[in-house]
Student: 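Sharing a structure with you now.
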Amino acid sequence: MAINQAMERYAKDCSEEVKKLVRDMCVIPAPSHHEEKRVAFVKDWMEKNGAQGVYVDDALNVIWPYNVTEDNDLIVFMAHTDVVFPDTEPLPFYEADGNYYCPGAGDDTANLANLLVASRFFVQNRLKPKTGILFVANSCEEGLGNLKGSRKIIDTFGSRVKELITIDGNLGTVLTRAVGSHRYRVTVRTEGGHSYGAFGNRNAIRCLASMIETLYSIKVPQNSDSKTTYNVGTVSGGTSVNTIAQEAQMLFEYRSDDKDCLAKMKDMFEKIVDAYRATGIEVDVELLGERPCGGELDPVAYNALIERAAESMKRIVGAEAVFRPGSTDANYPLSKGIPAICVGGSNSYGCHTREEYLVVESLYVGARFLLDFMSDYFEI
């Protein structure tokens, strides 16, 4: 199915409404695990726009069920409410040169706005879906959110979910390969002491620096065209300039789009930690987040989903889809063997920076793309 005249009119008529919805939502703070204010806004918007049976689960997912019975098959369309920024006060917003400047404006506020308005078209026109559908504004996609929202949906509805489509990123992209990751807080402790009087005692900062140097000497595993990476994101510790540091910490992660390579990275990391423990220093390791790689999928079903998205993008965006690996809400369903993709629904730049901006004119294209793509799931 492709976009029809009614959908085209709807997208045009709603273009200003979508812009306002983005402006209203993107200033609402929504750090991972604390999306309550944005969740309340979205639930209220859904209900004011005719949604029936909307509820918020204990993972802070806003769920709008449509044609859902106790046991029918389900398709999930989702976009996440959280942003990567920890702000608890309204986020700064301004408009200039056809762009909306606001942290999180594109990731993922604009895509959520387009998903909400596109979903309303099918419900208000009482179009019958081929299965049950869950429209979801999900929590905790970013960073140490650890995909809590996506996990909750799959754990709740299980094998009833036949496909999951998350709207995230830029138009024209389809993320088809799950990049898994393990994220840790590593704490090193030593005896420390006075910088003059206890000179010669082990310094936790120096020990941690040595461990970092060792980690950065790792040759990443390779499996065919796989990609594996690692990174120390933050380092902290010490007491004062005249104190031999007793404690130092780092945040460390490694990623791979291949589950065997991810397992090898885990093994190498643990061996390095054990080697430093063997020198007599204390090393604590706390797992902060774990994102899985893909599992075993029905290739026919998965390729059909990818092709539908690519065909829709070509029709609406006017270019061939770009297929990439990524770490998104699609990871968890893919690890469970459920066909899942992440598709872009707007264009933004400076993602995960304070200078992030959304190209406003891309909202209209994104709305048309979602209407086109989602229409295939309805009897039209």
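In this chain, residues are counted from 1 in sequence order.
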Student: Can you list the residues that meet the side chain to side chain donor-acceptor pair (under 3.5 Å) rule with D329, with sequence neighbours excluded?
Tutor: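 Counting only residues at least two positions away or on another chain, D329 forms a side chain to side chain donor-acceptor pair (under 3.5 Å) with N138.
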Student: When you compare the side chains of T81 and R38, does any donor N or O come within less than 3.5 Å of an acceptor on the partner?
Tutor: no
Student: Return the set of residues passing side chain to side chain donor-acceptor pair (under 3.5 Å) with S348 (not counting sequence neighbours), or none when no residue passes.
Tutor: none
Student: Tell me whether D372 contacts the main-chain N or O of I3 through its side chain, where contact means a donor paired with an acceptor under 3.5 Å.
Tutor: yes
Student: Determine whether more than 12 heavy atoms belonging to other residues, nucleotides or ligands lie under 6.0 Å from atom CZ of F199.
Tutor: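 Check fails, neighbour count at 12 or below.
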Student: Please evaluate residues V42 and V39 with respect to the criterion side-chain contact (heavy atoms from CB on, under 4.5 Å), reporting the C-alpha separation (whole Å), side-chain torsions for both, the decisive distance (0.1 Å), and the verdict.
Tutor: CA-CA 5 Å; V42 170; V39 163; 6.0 Å; no
Student: With ring-ring contact (aromatic ring centres under 6.0 Å, His included) as the test, pick out the partner of F378 among F122, F373, F121.
Tutor: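 The ring-ring contact (aromatic ring centres under 6.0 Å, His included) with F378 is passed solely by F122 among F122, F373, F121.
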Student: Ignoring hydrogens and geometry beyond distance, is a side-chain donor-acceptor pair present between R120 and N49 at under 3.5 Å?
Tutor: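 Result is yes, a qualifying pair exists.
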Student: Measure across F135 and M46 and return the closest heavy-atom pair with its distance rounded to 0.1 Å.
Tutor: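 Heavy atoms only, the tightest pair is O-CE, 4.4 Å.
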Student: Answer yes if the ring centres of F269 and Y230 are under 6.0 angstrom apart, and no otherwise.
Tutor: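 Distance test on ring centres: not under 6.0 Å, no.
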Student: Provide the closest heavy-atom pair for A245 versus N203 in the form atom of the first, atom of the second, distance.
Tutor: CB-OD1, 3.4 Å
Student: Can any side-chain N or O of R277 pair as donor or acceptor with the backbone N or O of V283 at less than 3.5 Å?
Tutor: yes
Student: Examine Y100 and V83 and state if one hydrophobic cluster contains both, with Ile, Leu, Val, Met, Phe, Trp and Tyr joined whenever side-chain heavy atoms are less than 4.5 Å apart.
Tutor: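 In one cluster: no.
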Student: Do other residues, nucleotides or ligands put more than 12 heavy atoms under 6.0 Å from the CD atom of E286?
Tutor: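 Yes, the 6.0 Å shell around CD holds more than 12 heavy atoms from other groups.
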Student: Over all heavy atoms of both residues, which pair between L287 and E290 is shortest? Give the atoms and the distance, please.
Tutor: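 Result for this residue pair: CD2-OE1, 3.7 Å.
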Student: Are K152 and D57 close enough for a salt bridge, meaning some N to O gap below 4.0 Å?
Tutor: no
Student: Please check if the number of heavy atoms outside K314 that lie under 6.0 Å from its NZ is greater than 12.
Tutor: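 Atom NZ in K314 is not packed in, count stays at 12 or less.
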Student: Is there a donor-acceptor contact under 3.5 Å from the side chain of R160 to the main chain of E70?
Tutor: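 Pair found, side chain donor or acceptor close to backbone of E70.
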Student: Atom OG in S327, atom CG in D257: separation rounded to 0.5 Å?
Tutor: 11.0 Å
Student: Establish, yes or no, whether a centroid distance under 6.0 Å links the rings of F77 and Y377.
Tutor: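 Aromatic pair counts; centres sit under 6.0 Å.
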Student: Begin with the C-alpha distance, continue with both residues' side-chain angles, and end with the deciding distance and a verdict on side-chain contact (heavy atoms from CB on, under 4.5 Å) for E141 and M78.
Tutor: CA-CA 11 Å; E141 190 277 339; M78 61 166 45; over 6 Å; no
Student: Spell out, as yes or no, whether a donor-acceptor pair under 3.5 Å connects the side chain of N331 to the backbone of T328.
Tutor: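 Present.
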Student: My understanding is that only one of V54, I153, T156 makes a side chain to side chain contact (heavy atoms under 4.5 Å, CB included) with I63; could you say which?
Tutor: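 Filter result, single survivor: I153.
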Student: Do you know which two heavy atoms are closest between S256 and C261, and how far apart they sit?
Tutor: OG-CB, 3.3 Å
Student: Examine distances only and state if a side-chain atom of D258 and a backbone atom of D260 form a donor-acceptor pair shorter than 3.5 Å.
Tutor: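 A pair under 3.5 Å: yes.
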Student: Less than 4.5 Å apart, side chain to side chain, heavy atoms only: is that true for H182 and M265?
Tutor: no
Student: Mind checking the SG-CZ spacing from C342 to R324? Nearest 0.5 Å is all I need.
Tutor: 8.5 Å
Student: Check salt bridge (charged side-chain N to carboxylate O under 4.0 Å, His left out) between D284 and all other residues, then give those that pass, not counting sequence neighbours.
Tutor: R189
Student: For Y94 and Y357, which I'm curious about, is there any donor-acceptor pair between the side chains at under 3.5 Å?
Tutor: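 No - no donor-acceptor pair under 3.5 Å links their side chains.
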Student: Give a yes or no answer on whether the side chain of S119 reaches the backbone of L115 with a donor-acceptor pair at less than 3.5 Å.
Tutor: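 Side chain of S119 to backbone of L115: a pair is present.
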Student: With hydrophobic residues grouped by side-chain heavy-atom distances under 4.5 Å, do V179 and L147 end up in a single group?
Tutor: no
Student: Determine whether L74 and M374 fall in the same hydrophobic cluster, where Ile, Leu, Val, Met, Phe, Trp and Tyr are linked whenever their side-chain heavy atoms lie under 4.5 Å apart.
Tutor: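 No; tracing contacts between hydrophobic side chains, which count when under 4.5 Å, never links both residues.
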Student: Is it true that a side-chain atom of D97 and a backbone atom of N99 form a donor plus acceptor pair closer than 3.5 Å?
Tutor: no
Student: Please step through side-chain contact (heavy atoms from CB on, under 4.5 Å) for the pair K12 and Y364, ending with a clear verdict.
Tutor: CA-CA 7 Å; K12 186 175 181 179; Y364 176 59; 4.3 Å; yes
Student: Given the rule in the side-chain contact (heavy atoms from CB on, under 4.5 Å) test, do Q246 and T239 qualify, once you have shown the distances and angles that lead to the verdict?
Tutor: CA-CA 8 Å; Q246 287 184 290; T239 303; 5.6 Å; no
Student: Side chains of S210 and Y276 only: does a donor on one sit below 3.5 Å from an acceptor on the other?
Tutor: yes
Student: What pair of heavy atoms forms the shortest contact from R183 to G143, and how long is it?
Tutor: NH1-O, 3.0 Å
Student: Looking at N111 and S346, would you say the former's side chain and the latter's main chain have a donor-acceptor pair under 3.5 Å?
Tutor: yes
Student: Where is the tightest heavy-atom contact between I341 and A309, given as atom of each residue plus distance?
Tutor: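 Closest approach of I341 to A309, heavy atoms only: CD1-CB, 3.6 Å.
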Student: Can you confirm whether the side chains of H80 and E35 place a donor and an acceptor under 3.5 Å from each other?
Tutor: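 Short answer, no.
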Student: Say you draw a straight line from OG1 of T243 to CD1 of I205; how long is it, rounded to the nearest 0.5 Å?
Tutor: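 Atom-to-atom, T243:OG1 and I205:CD1 are 10.0 Å apart.
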Student: Quickly, which of K336, K259, R151 forms a side chain to side chain contact (heavy atoms under 4.5 Å, CB included) with P292? Name it, please.
Tutor: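 Considering K336, K259, R151, a side chain to side chain contact (heavy atoms under 4.5 Å, CB included) with P292 is found only for R151.
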Student: Taking atom types as modelled, is there a side-chain donor on D73 or T131 under 3.5 Å from an acceptor on the other?
Tutor: no
Student: Is there a donor-acceptor pair closer than 3.5 Å between any side-chain N or O of E191 and the backbone N or O of N201?
Tutor: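 Side chain of E191 to backbone of N201, a donor-acceptor pair under 3.5 Å: no, none is there.
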Student: Under the 3.5 angstrom rule, does the side chain of D82 hit a backbone N or O of E142 as a donor-acceptor pair?
Tutor: yes
